[in-house]
Amino acid sequence: MKKIITLCLFALAMIVGTQSATAQSIVEVNATAAKKTKELKQFIKFDNDTEDVVYQTYQNYVRKVYAMNEAMVAGSAVKENDKIELNNYVDKKLKAVFTDDQYKRYLEYLKIPK
């Protein structure tokens, strides 16, 4: 009986630990996306509607980057093509919401060493 209770408590602890790790990664994704959006808004100067799209785009981007990193840690190979496609996804989404001048400033922003 004690072994069953101990096993159940261990399983519960594992579930709670997994949820907090997931919650932590969500917080990190949101913080990274917010930081990147703020930097771009200061450099490019866009409105709130555009800011929402930029934030969502970077949220998706950071989630996918984290997933790639986790896959690499787990031993899976990440194709270079996947990274290129991910960067193209961001470029395509931002080009759709930015004006021509804003997109040119975005390309300038990418050239700045960080």
Side-chain angles (χ1 to χ4, degrees):
M1 184 69 168
K2 286 182 180 180
K3 290 180 182 180
I4 293 174
I5 293 172
T6 304
L7 182 62
C8 290
L9 288 173
F10 178 73
L12 181 64
M14 293 297 291
I15 291 171
V16 170
T18 303
Q19 289 176 345
S20 66
T22 303
Q24 183 178 2
S25 67
I26 290 171
V27 170
E28 290 173 3
V29 165
N30 292 340
T32 304
K35 179 182 175 196
K36 193 70 166 176
T37 302
K38 183 179 176 184
E39 288 174 6
L40 279 173
K41 188 169 185 173
Q42 288 175 346
F43 192 81
I44 299 174
K45 311 282 190 248
F46 45 78
D47 62 15
N48 289 337
D49 292 335
T50 304
E51 181 179 7
D52 291 341
V53 175
V54 170
Y55 177 75
Q56 291 171 356
T57 300
Y58 274 105
Q59 247 186 339
N60 291 334
Y61 172 80
V62 173
R63 259 191 226 120
K64 290 176 183 177
V65 168
Y66 277 25
M68 284 182 187
N69 290 340
E70 287 177 5
M72 286 173 35
V73 168
S76 298
V78 174
K79 298 175 186 172
E80 190 64 32
N81 194 35
D82 292 342
K83 294 177 185 178
I84 293 169
E85 285 180 16
L86 187 54
N87 288 329
N88 289 341
Y89 159 80
V90 172
D91 287 342
K92 182 179 174 183
K93 291 287 271 187
L94 295 181
K95 188 173 186 173
V97 296
F98 288 157
T99 64
D100 289 338
D101 291 337
Q102 288 174 331
Y103 188 71
K104 287 177 187 173
R105 295 216 13 107
Y106 167 71
L107 295 176
E108 290 174 22
Y109 172 81
L110 291 179
K111 294 178 184 176
I112 297 173
K114 292 163 185 69

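These numbers were taken from a predicted model, which means no experiment stands behind them.
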For [X], all residues meeting side chain to side chain donor-acceptor pair (under 3.5 Å), sequence neighbours excluded:
X    : answer
D49  : none
D100 : none
T50  : D47
N48  : K41

Requested in this report: May I have the step-by-step check of side chain to side chain donor-acceptor pair (under 3.5 Å) for N81 and E85, ending in yes or no?
Outcome: CA-CA 6 Å; N81 194 35; E85 285 180 16; 3.2 Å; yes
Heavy-atom side-chain proximity of [X] to [Y] below 4.5 angstrom:
X   : Y   : answer
L86 : M68 : yes
L94 : Y58 : yes
K93 : Y61 : no

Requested in this report: Scan residues 61-71 for pairs that pass salt bridge (charged side-chain N to carboxylate O under 4.0 Å, His left out), counting only residues two or more places apart or in two chains.
Outcome: none
Go through the structure and list residues passing ring-ring contact (aromatic ring centres under 6.0 Å, His included) with [X], not counting sequence neighbours.
X    : answer
Y89  : none
Y103 : Y106
Y55  : none

Measure the spacing between [atom1] of [X] and [atom2] of [Y] and express it to the nearest 0.5 Å.
X   : Y   : atom1 : atom2 : value
Q59 : T37 : CD    : OG1   : 8.5 Å
E28 : T32 : CD    : OG1   : 7.0 Å
D52 : T57 : CG    : OG1   : 10.5 Å

Requested in this report: Could you give me the CA-CA distance, side-chain angles and deciding distance for F98 and R105, then say whether side chain to side chain contact (heavy atoms under 4.5 Å, CB included) is met?
Outcome: CA-CA 10 Å; F98 288 157; R105 295 216 13 107; over 6 Å; no
Requested in this report: Work out which heavy atom in Q102 is nearest to a heavy atom in V97; give both atom names and the distance.
Outcome: OE1-O, 4.3 Å
